[in-house]
Structure formats: structure tokens, C-alpha cells
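Following: one structure in C-alpha cells, then a few remarks.
Sequence lines set the chain letters: A, B, ... in the order given, protein chains first and strands last, and positions in each chain run from 1.
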Amino acid sequence: MTKDMVREKMNELPIRRVLPELLERMRSGTSAVLVAEPGAGKTTQVPLAFLNEAWLSGRKIVMLEPRRLAARSAAEYMSRMLGEQPGETVGYRVRMDSRTSRRTKIEVVTEGILTRMLQSDAGLEDVGMVIFDEFHERNLQGDLGLALALESKAVLREDLRILVMSATLEAEPVAALLGDAPVVNCPGRQFPVETVYRPPAAGSALEKHMAAVIREASAGHPGDVLAFLPGKGEIRKVQAELESGGVPAGFVIRPLYGQLPQKEQDAAVQPDPEGRRKWILATSIAETSLTIDGVRIVVDSGYMRTQLFSARTGMPYLATDRVSRASADQRRGRAGRTAPGIAYRLWSHETQNHLRSRNAPEILQTDLAPLALELAAWGVQNPAGMAWLDPPPEAAYERGRELLQRLGAVRRDGSVTDKGKRMAEIGLHPRLSAMMLQAEKLGQSGLAAVLAAILQERDIFRSGAGAPPDSDIRSRVQAVRLWEQKGFAGPNADEAGLRRIVQESRYMQKQLEAELSGPGDIEKSGLLLSFAYPDRIGQSRGGGKFLLTSGRGVELPREQPLSRAAYVTVAAVDDKKGAEGKILLAAPLSLEDLQQHHREDIVEETTVDWDPSLGGVKARRQVCLGAIVLRESPAGQPPAEAVAQALLDGIRAEGLGLLPWTKQAAQLRQRLQLMHEADPDWPDMRDDALLSRLEEWLLPYLDGLKNRSDLQKLQLVPILEQMVGWDKKTRLDKEVPTHIAVPSGSRIAVDYSDPKQPVLAVKLQEMFGLHETPKIGMGRIPLTLHLLSPAQRPVQITSDLASFWKHGYFEVKKDLKGRYPKHYWPDDPLEAIPTRRTRPQ
DNA sequence: CTCTCCCT
């Protein structure tokens, strides 16, 4: 495009119409929000419009972009409009690459760069205006940059202009955050896109359905198809589905996701050299990061995969979820960039109504250790006092602070240490910065820089078909070295990725200003990583399972040689909910290195606990690093208190069944429970209640006991009696007797197993002559009678004996007389003589 | 039995 053509095109842009208002707002005030739909041209027009404002008084305009590529291309585009090269009036600055000069008036930077600028000059002395572009993405770095810029403006730089630009933002909250800033709206310029809802039939697989819709749509409409899926797995399935149904002549399938080697990504984005129509199967990478010309058809699965952070375990995990309405609209818009298009949504109108309106901002679901370090370096220990659209969630923030403390970046009170300041300057995740600083001391910064670069970049390895991926980070280090020395990449490595890693690792080493340390010893990889991930040092439990110092369990497929290492450091992990976490990248480390370099975290202690396999208390001398036990030996004389506590732990773990519940003890417990239910002043005797008060009632009797068989010797009856005391015990015997005397002279034990309905089971013949049902509880509670045959089988259950004698007895008698003819079955039971034998003597 | 995307 020539300079004139660019100028001409620029004049048509919708943004031109709102620029005067925007300029006026920034003259009369100091902040504003610009809401402009895609295609309005805001990114390239707005910074240039402010270039000659008097209030700049020689200062620069800084514009933030969420991606390096976007920052560079915005700078290039604006330079072209001025007939210049980047680095003259308009420049850019991203990690490892910048084009700026003393003449530069507009600096386009990635979001994290602003934080670095503010950390080295809180007043931003040479900046007159900060523009936040694409703010609706709500990246962590953008939110942080805005919070810091607002503090700077409030305290040091009243005149600092802040403009927040966004495509689809609910403008009110951010305008309020800027102090009731005016909102300027600008329409966009998009071709119309028709929306079709096409949910899969019940029970049919989404991938199969998608393949069918792709086929159908390409038959009825022109242009390339862009299909959105949550991840690689689903992409491969749809691809297989399309291939098995036959790809028509003139079409080609192009997968597109971040892990894919650069060459294959390029093939998906660029027009097909043979002029075929593309079926592009993409993740959300194609939602904002990459734009593809020629797409007229979008097919959206409606799902996306995101990484979430578990504040509970301190580890990340992947989750597949429905997209938001904002995401779905963004995806649909991809069909209307160059011509009118059509978008198929593989969900129903009904589902559409339930989608959340926008994606959660990153600050609500990510690891906050980096944020906590920046704030500590800024001098803030409690983020609650700052201006946030969404304040950082407390649990994750606290996790982040704990990690920083462990890495030596902050003190207990949250204030930053000198080491922490250096870590923040290095501009890596605090874990990786801590590793770099430690490696420097050990003369291993060369290896550490390669490891950090590998972890920073996307994985350079593709797993072979069918084979499980290799999780040993040393194989990546080897690939990097091979590439550096011979310019040769292994069959599975991505060359563009290797190039980036080499560049990145050299940059890091240079930044440390360390002497180049040489390649280092690859076998120290696990050790170096342990300085970054001290909470993820794993000890083998066999079968590829490892216990981490944090207490979490993780695992590796057993086919991997790494699964047989005794100790590993786990750098990347997917913390599956419920199940063991999955190790994605790790390296082995030796016990010697571990003991030498983590000496200050290793503690020696005597542990006394219940060993279920032993059925008793075991005392051991343990050498521990966090939750893992490096060595242990039997301990001699453990303190009696600890043994008793361990016994209680055993009972809590295995239940009250460990105690000798004789018939008498069990009945006593039930009788007490009956009293409790009538009067809460009596102790609750249910399992949970007893277990929660073991210290009170059982502990005093445990002296000298060590195991199950010792416990079996306890006398529970006196123990339970002691629990209620003498007065209550006397009352208990009176109100809830153990036995009842019946007319035959027998004393029959009452069954209290159901405290609501105590039972007296007694032979019918023993009850002759008794008019009324016996009662307990000072005559309040009638017993339920189980009247038994001579063979002890219940023949009648009643709590109204008088009525039984009158009515039921004669029926029962007839039957019993037939079965037990030798027994005594009188016609008048109330006058008869009770007996425990066949007949009264 | 398969890792979403991005950045200092």
C-alpha cells in the first residue's frame, strides 16, 4: 500500500468522527474511556491524533498492547503512515526487542513493560499519556498496569493522561475507576454475519456433529471455514471424522493450535498455495491472537479450555468450559472481516441465554505470585487499598505471598527483600528468577537460563503418534544444545521454538550480567529446578507415583524412564481434581544434592503415630523435607503423652470399634444415650460425639497402652460411669434399669439399642399374672414387649399388655397349643402362675 | 492417552 492509499483509507475510518470529541475530553480532563467496536481503527489512529497536543509538553505517549506481535505491527503501521521506520517518531518495546530513539514520541509496548517502567520511575517523568488498548481482554498485566498507573497519577502525576480503549467493555465500571471519566463510543466496521444455532442431537458426539456442519456449510457458502474447538484432542477427533468421511477435492484440513510447530501454524493462516478452500480446526488462538483472511464461515463448538489455579494445592489445572457470550461474538466476527459471512453455533438458543456474559478476568483465576511480587516491589503489602476492577482473590494472593516468602523475596510482614527487588527486575516468574539467582551462585547460570527459557516458551517437543509424551526436561535441554552446536533439531523438535529458546536463554544470561558460565552439567537440572519449585520436590512411591514436599501426589506414566527416579523436581503439572496430578515436565535430582542444597529446610523430628498395619503406635525418628520423609529410624522412648495422642488418632481413624464393647458396656452406652435424648445435660453417646471428646473421657486411662490388644483390656463400664459421675449413675440405674424383674422371678436385660423404643424380650409364659406393661423412666416410658414362644421366637410385639391379654392372647394360645402341646396354656392368663419351665411346678 | 492462551 502506498502512503497516499493509506491516507485515503484512514479517512474512511469511523474513528475519525469521534477523534475531535476525544481530543477535547483530554484537554478539559485527564482520563477517558473509548469503547470502539472492531474495525474502527482505534489502535492506529488514536495515538497519532494526540501527537501534537500542547499538554504533552514534550513527553511521550505510551500505548499498551496485550501481545508482542500486536505492539510491533501497530508501531510499523503508524510509522508507515508517517512515511517513517519504527524507532523514529513511533517505536515499540517488547521483551528482548525494541525500536526506540530520542526522537520517539509514541512508544507501543506490551502490557508488562509498563509495570517495569513504573517500577523504575514511579512518576513516569517522560510520559504524558498512557493508552490501554484491548483492555477488555482483562489480562493480569493490564489490570496491574492500570492499578499502578492510577496510584502514580493519584500521588505523583495529577496531569498524567489515561485513556482506556476497549472493544466490548461494560464501560461504566472502568469509567468509575478512573474517577467518573467520560465515555466516548464509536461504531465499528464489520461485514454482516448471519448467526445459525445448530445444537447436536441428544446423545450425538460434538465432534461428529461438527464435522457434519462443516461439510454442510462449505457446500452452501463460499470461503474458508474456521472451526473453534477447546483443544488439541478435539481437533484431532474432528480431523479424523472429516478424513474418514472423505475430504472433497478442492478442500484441505488445517489444524491450528499453539503447540503446533510454526510451519504448520503458518500453513493454517496463509492462503493455500494450491488455491484449495481451508477447513481450519482451531483453538481460541484464532479468536484474538491470529487473524485469518478469507474466512467466511465460522463453526463454533461453544467450548474453551482454560488454565485455572488451585489456591488449595498451589498448582494449576486445565478445565474445559462453555464460552462466554463475548467470546462467542468475537468468534462469530471472524467470519465477517473481509466479506459478509455466516456463523454456526453448535448450541441452542436456550443455552445461549445461559452463557455468562464475559470471560473471567485473569486476575480471578491465575497464580498470583507474580502479582504479589510486583506489589511488594511497589511497596504495597495489602492490595485491598488499590484501585481494581476485580481485586485479587485473597486465597490465591496469600498462596502467592507464601511462595515469595519461601523463595526469599519477601519478609514475614510482606515487605520486599533486596533479593525480591532483583527478582522483580529480572522479569520472569518469581520461581524462575529465584532459580536464576541461585544458579548464578553455583556457576550454573547457563543451564538455568536454558531451563527457564524452556519453561517460559511453549514446549518444543511433539509427542509421537501413540507414544506418551516424554516429560523429562533434560531431553529438551539436549535438543537446545544440539541446535546451538550443530544447527540440527531432532525429529520431534520445532525449529522456530528452538530458535526462540536460544535467543531467550542468551538474553537472560546477559541480563544477569553474570560471566557466561558455560553449558553447565545437565544432570544438575533437577537441582536447579528445585530452587524454583521447592514445594514440588517429589519422592518416589513406586509405580510412577510421587509425593511432593507440598503434600500433593502426582504421577507419571510408568513407561517413562523418569518414573523410576527416586527423587524428581516437577516443573509443570496438571493438577487433576480428585485424582493424582499429572507430571508434564520434571527432572531427576540426587538425594545428596537435595540434602546439601536444601539443608535449612530439612528438619529432624520424632513422630509418634498410629500405624494401621501394625495395629499400634509406632515411634520413629524422621528426617523430613516438607511432607516427604528422607530417612527414618525407630525411636527409643517416645513421650507418654505423644503415645496416648497417637492412640486417640488411631481410634479416630479406625473408629470406636477398637474399644472392647462388652454387652454391659454397650448397654450402658445405650442407656446413657436414652437419657441424653430426654435431657441434653447428659452426654451425647453417639459415635461422632464420643470421638470428638476422646481427650475428655478416654485419655486418662491410656497410660502405658500402645496397641489394639492393650486397648482391648480397658474396662469401659467404669470409664463410662466415671464420665457421668456418681449422682447421674444412681439416677440412671433408677430410671433406666439394666434389668426388669418379671412375674416368673427372672431378671431380664432390657434391650436399649433403639433408645426411642427400649425392648423387653421375654417368654410369654413368664408374664402370666402381670396386668400392665412394665415401664421405665419413673413410669413414663412403656417397654416394647417381644413376647416369645418356648423356642424364643417372638409371637407378639406389643406395648399394651393389658389389651393383649384381652384380645390377642386367645389367638396366639390356639397356635401355641398346637405347636407346644406339653406346655402350659391357661385360659385365664391373669390368674395363671407364671413359669420359666414347661409348666408351673 | 493426548496442554488453553499470553506476557515482564
Within the structure shown, what part of the strands sits under 4.0 Å from [X] by heavy-atom distance: base, sugar-phosphate, or nothing?
X	value
A:Gly427	base
A:Ile426	nothing
A:Glu287	nothing
A:Pro370	nothing

(request) Check DNA chain B for consecutive Watson-Crick or G-U pairs with both distances under 3.5 Å and list the runs of at least three as stems. (result)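 DNA chain B stems: none present.
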
If you check every side-chain atom of [X], which of [options] has the closest atom?
X	options	value
A:Ile113	B:dC3, B:dT8, B:dT4	B:dT8
A:Leu318	B:dC7, B:dT4, B:dC5	B:dT4
A:Ala572	B:dC3, B:dC7, B:dC5	B:dC3
A:Thr306	B:dC7, B:dC3, B:dT4	B:dT4
A:His429	B:dT4, B:dT8, B:dC5	B:dT8
A:Lys582	B:dC5, B:dT4, B:dC3	B:dC3
A:Leu584	B:dC6, B:dT4, B:dC3	B:dC3
A:Thr283	B:dT2, B:dT4, B:dC7	B:dT4
A:Thr110	B:dC7, B:dT4, B:dT2	B:dC7

(message) Return whichever of A:Gly231 or A:Arg93 has its heavy-atom-nearest nucleotide of DNA chain B closer to the 5' end.
(response)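 Of the two residues, A:Gly231 wins.
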
(request) Please figure out whether A:Gln456 or A:Gln307 has its closest DNA chain B nucleotide nearer the 5' end. (result)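 This one resolves to A:Gln307.
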
Protein-nucleotide distance ([X], atom [atom1]; [N], atom [atom2]), rounded to Å:
X	N	atom1	atom2	result
A:Asp143	B:dC7	CG	C1'	14 Å
A:Glu111	B:dC7	CD	C1'	8 Å
A:Arg95	B:dT8	CZ	P	7 Å
A:Leu114	B:dT8	CG	P	12 Å
A:Leu432	B:dT8	CG	P	14 Å
A:Leu455	B:dC6	CG	P	17 Å
A:Lys232	B:dC1	NZ	C1'	10 Å
A:Leu146	B:dC7	CG	P	20 Å

(message) If I take atom CG from residue A:Leu144 and atom CD1 from residue A:Ile363, how far apart are they, to the nearest 0.5 angstrom?
(response)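 Rounded to the nearest 0.5 Å, the CG-CD1 separation comes out at 7.5 Å.
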
(request) First locate atom CD of A:Glu107, then atom OG of A:Ser101, and finally report the distance between them rounded to the nearest 0.5 Å. (result)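 If we round to the nearest 0.5 Å, A:Glu107:CD and A:Ser101:OG are 9.5 Å apart.
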
(message) So, OP1 or OP2 of B:dC6: does either fall under 4.0 Å of a side-chain N or O from A:Arg458?
(response)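 A:Arg458 to B:dC6 OP1/OP2: side-chain N or O found under 4.0 Å.
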
(message) OP1 or OP2 of B:dC1 versus the side-chain N and O atoms of A:Arg236: is any pair under 4.0 Å?
(response)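 Answer no for this pair, as no side-chain N or O of A:Arg236 is under 4.0 Å from OP1 or OP2.
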
Could you list the residues that satisfy side chain to side chain contact (heavy atoms under 4.5 Å, CB included) with [X], not counting sequence neighbours?
X	result
A:Asp293	A:Arg337, A:Thr338
A:Gln239	A:Arg236, A:Glu243, A:Ile253, A:Pro255, A:Leu281
A:Ala70	A:Glu65, A:Arg67
A:Gln456	A:Arg95, A:Leu428, A:Leu432, A:Glu504

(message) Which residues pass the salt bridge (Lys or Arg N to Asp or Glu O under 4.0 Å) test with A:Arg99, not counting sequence neighbours?
(response)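 Salt bridge (Lys or Arg N to Asp or Glu O under 4.0 Å) check on A:Arg99 returns nothing, list empty.
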
(message) For A:Asp535 versus A:Leu548, what's the shortest heavy-atom pair and its separation?
(response)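 Shortest heavy-atom separation between A:Asp535 and A:Leu548 comes out as O-CB, 3.9 Å.
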
(request) For the residue pair A:Tyr533 and A:Leu455, establish whether any side-chain heavy-atom pair is separated by less than 4.5 Å. (result)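 Answer yes - side chains close enough.
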
